[in-house]
Amino acid sequence: MTNGAFLPVSQPLDLATTLHSGQAFRWRTADDGSFNCVLGRNLVRLSDVEGGVRIDSAPEPPSSLVDSVSAYLRLDDDLPAIQSMLSHDSRVAEGIAVYPGLRLLRQDPWETLASFILSSVSNIPRITRTVELIADTFGDPVSLDGMTRNTFPSPERIVEAGVEALRGLGCGYRAPYLVGTAKLVSDGGVTVAGLRGQPYADAQRALLTLPGVGEKVADCVMLFALDRLEAFPVDRWIERAITDWYLPTEKLNYAKVRALALERFGPYAGYANHYLFWQRRKIG
DNA sequence: TCCTCTCCTTGCTT
DNA sequence: AAAGCAAGGAGAG
């Protein structure tokens, strides 16, 4: 065992729910209840402990990753304050009551972009499987305490891999989208990481130039990786929620839903989105 | 400009 | 076990 590092947590944090909430696809739960994932080039294990989270990692020592794990878990978001701002909405309030420790994550932009290109007309188990298969095939191995997992491959690696190989891994019609986007990213045509913190309109404009990226995928990347908490991805579930709960008489389009989200939920619309998403999925 | 329709792969799920 | 369904996007009309 490694020596572990302690990340004190005073915020609400439900690791199990957060890490398996469909925003990240590579977290696994071990038999001992801990969670492991490759973050960047480190294999990281998180465990719930009294007053916080225990971090183990390799090859870099856990003590050097405390800040980056804290950032990844968005512990800088004051979740109770955000939740109280959103609780005027009864549907969101219901979601908060069921998942009080459900947080958004601050993930790697490229991996998030690739994952959500693969998400189209798919489902969470399948996305998880495909993303893992891509890492197993084209990533680099990292080991921690006898466990080995692979890094998520760089855009350059995805370009080298090519469309046919990705089709072979079950990417289907999304394979050329992923390779096309990887080309633009590796050429420096679009610097995804550089979009973090950019204004919504600028980040969106850049993302929409990428193949396989429409408004919904762009919103997922902005929300889950680029610090745009006002992003409000509209997938099938959210669309049903809006239709049934908010705008039953209107003919919806993406812009209309976004306008409603911003007006109703403001700068933290993305948190409302995530609670609504899970409330709606629960109901069907 | 904006809307509607169709097609695109394949694994989960019932 | 056949069939519906799945965190959509692109292109045509």
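Throughout, a chain's letter reflects where its sequence line sits, starting with A, and its residues are numbered from 1. Every heavy atom of this structure was used, including side-chain atoms; hydrogens, water molecules and symmetry mates were not.
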(message) Whole angstroms only, please: what is the CG-P distance between A:L207 and C:dG9?
(response) 11 Å

(request) With C1' as the reference atom in both, quote the distance from B:dG11 to C:dA10 in angstrom, rounded to an integer. (result) 23 Å

(message) Counting Watson-Crick and G-U wobble pairs with both distances under 3.5 Å, what is the dot-bracket string for DNA chain C, 5' to 3', using [ ] for crossing pairs and | for pairs to another strand?
(response) .|||||.||||||

(message) Taking ring pair (Phe, Tyr, Trp, His ring centres under 6.0 Å) as the criterion, tell me which of A:F224, A:Y268, A:W237 meets it with A:H274.
(response) A:F224

(message) Between A:R28 and A:E132, does any NZ, NE, NH1 or NH2 come within less than 4.0 Å of an OD or OE carboxylate oxygen?
(response) yes

(request) For A:D77 and A:L229, run side chain to side chain contact (heavy atoms under 4.5 Å, CB included): C-alpha distance rounded to whole Å, both residues' side-chain angles, the deciding distance at 0.1 Å, then the answer. (result) CA-CA 10 Å; A:D77 286 344; A:L229 297 186; 3.9 Å; yes

(message) Could you tell me how far apart A:I127 (CD1) and C:dA7 (P) are, to the nearest whole angstrom?
(response) 7 Å

(message) Does any part of the side chain of A:L184, heavy atoms only, come nearer than 4.5 Å to the side chain of A:P155, both counted from C-beta?
(response) no

(request) Respond yes when some side-chain nitrogen or oxygen of A:R174 is under 4.0 Å from OP1 or OP2 of C:dG8, and no when none is. (result) no

(request) Drop me the distance from A:S63's OG to A:N3's CG, to the nearest 0.5 angstrom. (result) 7.0 Å

(request) Nearest whole angstrom, please: distance from the C1' of C:dA7 to the CG of A:L276. (result) 14 Å

(request) Could you grab the distance from atom CG of A:L86 to atom OH of A:Y271, nearest 0.5 Å is fine? (result) 10.0 Å

(request) Could you work out the separation of C:dG8 and B:dT13 based on their P atoms and round it to a whole Å? (result) 16 Å

(message) Mind checking if A:V121 touches a base, just sugar-phosphate, or nothing, with heavy atoms under 4.0 Å?
(response) base

(message) I need the NZ-P distance between A:K216 and C:dG9, as an integer number of Å.
(response) 7 Å

(request) Answer yes or no: is there a donor N or O on one side and an acceptor on the other, between the side chain of A:R45 and the main chain of A:F35, under 3.5 Å? (result) no

(request) Mind calculating the distance between CZ (A:R167) and C1' (B:dT10) to the nearest angstrom? (result) 11 Å

(message) Checking the side chain of A:T18 only, and the main-chain atoms of A:R103 only, is there a donor and an acceptor separated by less than 3.5 Å?
(response) yes

(request) Output the residues of residues 16-29 of chain A in contact with DNA chain B, where contact means a heavy atom of the residue under 4.0 Å from an atom of the strand; sort by number or write none. (result) none

(request) For A:L118 and C:dG9, give me the distance from atom CG to atom C1', rounded to whole Å. (result) 13 Å

(message) Expressed as a whole number of angstroms, how long is the span from A:E164:CD to B:dT9:P?
(response) 10 Å

(message) Taking the C1' atom in each of B:dC8 and C:dA6, what is the distance between them to the nearest angstrom?
(response) 14 Å

(message) Taking A:C171's backbone N and O only, do any of them form a donor-acceptor pair with A:R174's side chain (distance below 3.5 Å, no angle check)?
(response) yes

Show each protein N/O and nucleotides 11-14 of chain B N/O combination with a separation under 3.5 Å, one pair to a line.
from, atom 1, to, atom 2, distance (Å)
B:dG11, N2, A:N123, ND2, 3.4

Report, one pair per line, the protein and nucleotides 10-13 of chain C atoms (nitrogen or oxygen only) whose separation is under 3.5 Å.
from, atom 1, to, atom 2, distance (Å)
C:dA10, OP1, A:G212, N, 3.0

(message) For C:dC5 and A:R240 - does any side-chain N or O of the residue sit under 4.0 Å from the phosphate oxygens OP1/OP2?
(response) no

(request) Please tell me if the side chains of A:S21 and A:F277 come closer than 4.5 Å, counting only heavy atoms from C-beta onward. (result) no

(request) Quick one: list whatever passes salt bridge (charged side-chain N to carboxylate O under 4.0 Å, His left out) with A:D76, sequence neighbours left out. (result) A:R106

(request) Check whether any side-chain N or O of A:S115 sits under 3.5 Å from a backbone N or O of A:E111 as a donor-acceptor pair, and report yes or no. (result) yes

(request) Identify whether any heavy atom of A:I124 sits under 4.0 Å from a base atom; if not, whether one sits that close to sugar-phosphate; answer base, sugar-phosphate or nothing. (result) sugar-phosphate

(request) Verify the contact: side-chain N or O of A:R236 to OP1 or OP2 of C:dG8, cut-off strictly under 4.0 Å; return yes or no. (result) yes

(request) Report yes if the side chains of A:V38 and A:N150 come closer than 4.5 Å at any heavy-atom pair, otherwise no. (result) no

(request) Using whole Å, report how far CD1 of A:I134 lies from C1' of B:dT10. (result) 14 Å

Under 3.5 Å, N/O pairs linking protein and nucleotides 2-4 of chain B:
from, atom 1, to, atom 2, distance (Å)
B:dC3, OP1, A:N253, ND2, 2.9

(request) Please find out if less than 6.0 Å separates the ring center of A:F25 from that of A:F116. (result) yes

(request) Write down the distance separating the C1' atoms in B:dT1 and C:dG13, rounded off to the nearest Å. (result) 14 Å

(request) Name the orientation class of the two ring planes belonging to A:F265 and A:Y246 (parallel below 30°, tilted from 30 to 60°, perpendicular beyond 60°). (result) perpendicular

(request) State whether A:R157 and A:D140 are salt-bridged, where the test is any N-O pair (Lys NZ or Arg NE/NH1/NH2 against Asp/Glu carboxylate O) under 4.0 Å. (result) yes

(request) Report the C-alpha separation of A:R74 and A:D227 in whole Å, then their side-chain angles, then the decisive distance to 0.1 Å, and conclude whether the salt bridge (charged side-chain N to carboxylate O under 4.0 Å, His left out) test is met. (result) CA-CA 10 Å; A:R74 299 200 68 97; A:D227 281 344; 2.7 Å; yes

